[in-house]
S.K.: 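My structure is below; once you've seen it, I'll send some questions.
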Amino acid sequence: MSEWSSAVFDAPTLRALDERGRAEVMRAGRWRRLEDGEVLYQAGGVSDAVFVMAAGAVRLTAIRRGDEHETEIRRARPGDVLGQEAALPGAARGATATAVEPSELCEIPMNVLTRALTKSGGSEVMEREGRALRRSASRDLLSTLAFARELGPEDLALLLDGVRWLALPRRARLFGLGDPADFAYLVVTGLLQLQTEEDGRVQVRAYVSRGDLFGDEEALAGERRAVHAVAQGDCQLLAVPRALLRSLVDRNPGVLERIRRLRADREARQRGVADRMVKSTQHVFHDLYRLQMARSLLAIDQDACVRCGHCAWSCADAHDGVSRLVRRGDKIVTELAVVSTQAKSLMLPSSCQHCHNPVCMIDCPTGAIGRDPEGDVFIREELCTGCGACAKACPWDNIRMAPRTAEGPAEVAVKCDLCKGFDAPACVSACPTDAIVRLDPQRDFRELGALFGAPTDQKLAVEPRALSRFLPGVGLALALGLVPAGALLHARGVSPGRGLPWLFGLVAALACAALAGYAIPKRLARHWRRTRRAPTKAERLLGEATGPELPRSQLSPHYRLHVGLGLASLGAVALHAGPRIGSGVAGALSCAFWLTALIGAASALAYRVIPRRLSRLEHKGALPEDLALERDLLFDRLHRASSGTSELIKTITARLLVPYARAPLGPVRLVVSGLSLGEERRALRAQIEAVLAGRGSDRLDGLDDLVRIVVELRALPARRALTFGLRGLVPAHLLLTGVVLVLLLLHAVQMTRF
């Protein structure tokens, strides 16, 4: 108690606590000891506790917008409070706190401190101390912003006295076009979109995020707003009154010059990114808040995904039958900062993205949602009451309620926990084509790095090209060499039951058994996953030098081995039995084997060719069963979109668009052309404009929506056919494999007897 009293309770923020409040703080508080150089918390981290220094010194550093290196904000000494951002709802850590000598401090949860202060002196004391904490937090946060770096101590104090804190929920409008410009705004946390409307469509002009000053030009000029400002997520802002801004500018003539130069650079960069995004599916980028918040985003490369469902199946197998991901979601075309600059077509399924600032943690009444030091967000099922607050709070519906298997409330919240304790998520480990991966969007998406000003030179550590990638090629080479050799050998009358043909018959039998064994790793996924171990110091240093390493699939080498072994077995069978089909069990076995091999080869070829074609025809990720209802939904959209339009639009719909959608060979032409949905839309719009020859251009409102719908209608039969090509051959291949194994056993018994 004496240690706590002398070191902690003499701090200004805690002096108002009575004995009961001090006891409550001691029960909930945690004593922390830091070595020299140890990090207490990182900038951008969750802010849910304050810290009171007892001994030593902690340095607060941050990177201001436009800078490349960290700047020291201040140093906390014994008696000082740090981490005051916890007093601001939803605010993230504004700086990184690092011990500069051996230090001791107490960590106090903010909700506990609030309750203790209220009990000690009532709401008046809580309001006074909360105001002091917010002012201190404002001082530290302003010190991290580029706008305040040019201000002297007096001007900074003047700014602190005059600013107002604003909290905006997701999708809220800060101001609209034509509103009076009474304030300029500094973004503390969150992301806002500056937009206008043209022809009934939203046009994005710019994005502003942490550290940005905006709205100052209209405020200083006394003009009305030229754009709408809409919060893309929960935002914290500082509103600077026009009179205060004018006073600061007059006292510091060059204060806005650097800020506006940074803003011009940012807007030019954003325009360049928007130009590159014209050919991509931009609707996902309209929810940049999601990509800004995500720390570990599940992404499926649609150009490699074979729609097998192993990811969802393995997830359910690893979590007691309840999958933590749904293979539906938005689609995005972007360049990954890995090896090449080739654009990837990524689908973002519904799965927890382990946000930098998880809003689900804020609304949990029991503290059941936690986050480990690596940033992975998890749910303690034993503490979950099934209230559903976290599921309602998640903006992307990535938390669901499921029946509880243990004793307790009927339901429990479930979400992806990145397979906590294992070296890789089950969905990533079980993907046969390396199509699924976990990414940090701001680090790994080139466009986002440019939009948010993040460094783009960090590369992901990708393991060297595995030898298993060459197995299909090796198997094909063996087949091409051994099949003709077998035909030549048997043309000379060699008996399959003797010598070399007999030996290759044994090899073929063993190969068939091994090929059938490919199903074992898939069905026992939860048993062969490796547990996670802590990296050694050398591995950590190597990882810092090469960049973060992505978890890789453990099943994909088995799939490549399966394909290579299947191709090689063709040569073994050809050497054993020759090109002629015999009679009896041996003849039936030969027929079943070659038919199985043909379907297997067709499936492997489909896996290689179809995904890229199919992804170009998909507007967003969908399950195969969704395709059955999509035609009716599209026709319903077509009817609603054409209702209330001009007579010219209705004529175009009847004479051009509907025949286009119903053309019998239209889907085939779309697949053969290799065009994406966007390219096909532009081609169809050009055809319509050629027919109109410039007439009625003022009566074409709503045409773009109709063109989008009919292109999707034309693509729908092609999507169904391509999906069947991916999935329809596999059941036949599995069934015939069983037939081959039975006939192989009968053939072996027959040859043993005779």
Side-chain angles (χ1 to χ4, degrees), residues 46 90 168-172 190-191 193 230-235 281 283-300 302 309 311-313 315-316 318-332 346-365 368-371 375-381 384-404 409-419 425-427 436 438-441 618-626 629-630 633:
V46 174
L168 285 182
R170 176 177 165 86
R171 303 301 187 194
L191 180 74
Q193 187 183 86
V230 181
Q232 299 300 286
D234 294 337
C235 296
T281 46
H283 65 281
V284 176
F285 281 99
H286 289 167
D287 190 12
L288 279 177
Y289 175 66
R290 175 187 184 184
L291 302 182
Q292 185 192 41
M293 287 283 286
R295 188 192 64 84
S296 178
L297 184 70
L298 188 66
I300 300 177
Q302 294 295 84
C311 51
W313 181 87
C315 181
H319 295 97
D320 300 321
V322 180
S323 177
R324 309 298 173 87
L325 71 92
V326 178
R327 292 184 297 119
R328 295 185 182 93
D330 288 318
K331 182 178 166 186
I332 185 173
L346 303 177
M347 192 263 282
L348 310 181
S350 176
S351 179
C352 177
Q353 56 199 33
H354 301 267
C355 296
H356 290 287
N357 300 305
V359 295
C360 57
M361 292 180 65
I362 300 173
D363 292 328
C364 181
I369 301 181
R371 191 163 74 161
D376 300 349
V377 181
F378 57 90
I379 297 177
R380 305 178 186 92
E381 292 192 5
C384 179
T385 62
C387 67
C390 55
K392 297 174 184 176
C394 178
W396 303 284
D397 299 325
N398 288 335
I399 301 179
R400 294 180 295 279
M401 307 306 296
R404 187 188 294 269
E411 290 187 323
V412 63
V414 297
K415 65 170 211 59
C416 171
D417 58 0
L418 293 178
C419 292
C427 57
I436 192 167
R438 281 273 178 181
L439 299 169
D440 182 342
E618 291 177 323
H619 178 63
K620 62 190 302 183
L623 297 176
E625 52 266 32
D626 297 337
L629 301 175
E630 193 164 340
L633 294 175

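Being a predicted model, the structure only gives us computed values, none of them experimental. Residues: numbered from 1 along the sequence shown. Computed over heavy atoms, backbone and side chain alike; hydrogens, waters and symmetry mates excluded.
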S.K.: Could you check whether any side-chain N or O of Arg404 sits under 3.5 Å from a backbone N or O of Glu381, counting only pairs where one atom can act as donor and the other as acceptor?
M.R.: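 A pair under 3.5 Å: yes.
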S.K.: Testing the basics here: between Ala299 and Leu348, what is the closest heavy-atom pair and its distance to 0.1 Å?
M.R.: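 Nearest heavy atoms, Ala299 then Leu348: CB-CD2, 4.1 Å.
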S.K.: Taking the side chain as every heavy atom from C-beta outward, state whether Arg438 and Cys416 have any atom pair closer than 4.5 Å.
M.R.: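 Side chain of Arg438 against side chain of Cys416, heavy atoms only: contact under 4.5 Å found.
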S.K.: Taking the side chain as every heavy atom from C-beta outward, state whether Pro349 and Val326 have any pair of such atoms under 4.5 Å apart.
M.R.: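 They are not in contact (no side-chain heavy atoms under 4.5 Å apart), so the answer is no.
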S.K.: When rounded to the nearest 0.5 angstrom, what is the spacing between CG in Asp397 and SG in Cys352?
M.R.: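 If I round to the nearest 0.5 Å, the distance is 12.5 Å.
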S.K.: Just verifying a value: how many Å separate Leu439 CG and Ser296 OG, rounded to the nearest 0.5 Å?
M.R.: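 Result: 8.0 Å between the selected atoms.
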S.K.: List the residues meeting side chain to side chain contact (heavy atoms under 4.5 Å, CB included) with Leu623, not counting sequence neighbours, and say none if there are none.
M.R.: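 Side chain to side chain contact (heavy atoms under 4.5 Å, CB included) list for Leu623, sorted by chain: Arg327, Arg328, Glu625, Asp626.
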S.K.: Between Lys331 and His619, what is the shortest heavy-atom contact and its length?
M.R.: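 That closest heavy-atom pairing would be CB-O, 3.7 Å.
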S.K.: Identify the heavy atoms of Val322 and Ala402 that sit nearest to each other, and give their distance.
M.R.: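 The pair with the smallest heavy-atom distance is CG1-CB, 4.1 Å.
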S.K.: What verdict does the side chain to side chain contact (heavy atoms under 4.5 Å, CB included) test give for Met293 and Leu191, after you've listed the backbone C-alpha separation in whole Å, the side-chain angles of each residue and the deciding distance to 0.1 Å?
M.R.: CA-CA 10 Å; Met293 287 283 286; Leu191 180 74; over 6 Å; no
S.K.: State, to 0.1 Å, how close Gly621 and Met347 come at their nearest heavy-atom pair, and which atoms those are.
M.R.: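 Heavy atoms of Gly621 and Met347 come nearest at CA-CG, 3.5 Å.
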S.K.: Out of curiosity, Ile399 CD1 to Cys364 SG, how far, rounded to the nearest 0.5 Å?
M.R.: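 Atom-to-atom, Ile399:CD1 and Cys364:SG are 9.0 Å apart.
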S.K.: Just do the side chain to side chain contact (heavy atoms under 4.5 Å, CB included) check on Cys394 and Lys415 with the steps written out, would you?
M.R.: CA-CA 11 Å; Cys394 178; Lys415 65 170 211 59; over 6 Å; no
S.K.: Just verifying a value: how many Å separate Asp417 CG and Cys315 SG, rounded to the nearest 0.5 Å?
M.R.: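 Result: 8.0 Å between the selected atoms.
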S.K.: Please name the pair of heavy atoms, one in Ala294 and one in Pro441, separated by the smallest distance, quoted to 0.1 Å.
M.R.: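 For Ala294 versus Pro441, the nearest heavy atoms are O-CD, 3.5 Å.
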S.K.: With side chains defined as the heavy atoms from C-beta onward, is the minimum distance between Ile436 and Leu298 less than 4.5 Å?
M.R.: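 Result yes, sub-4.5 Å side-chain heavy-atom pair found.
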S.K.: Which of these, Gln353, Arg295, His354, sits in a side chain to side chain contact (heavy atoms under 4.5 Å, CB included) with Val377?
M.R.: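 Answer to the side chain to side chain contact (heavy atoms under 4.5 Å, CB included) test with Val377 among Gln353, Arg295, His354: His354.
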S.K.: Heavy atoms, side chains only, cut-off 4.5 Å: are Arg400 and Ser350 in contact?
M.R.: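 Touching, per the 4.5 Å side-chain cut-off.
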S.K.: Please report the closest heavy-atom contact between Met401 and Ala391, naming both atoms and the distance.
M.R.: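 Taking every non-hydrogen atom into account, SD-CB, 4.3 Å.
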S.K.: Could you measure the distance from the CD1 atom of Ile379 to the SG atom of Cys384? Nearest 0.5 Å is fine.
M.R.: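 That separation rounds to 6.5 Å.
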S.K.: Heavy-atom distance under 4.5 Å between the side chains of Arg290 and Leu297, does that happen here?
M.R.: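 Side chain of Arg290 against side chain of Leu297, heavy atoms only: contact under 4.5 Å found.
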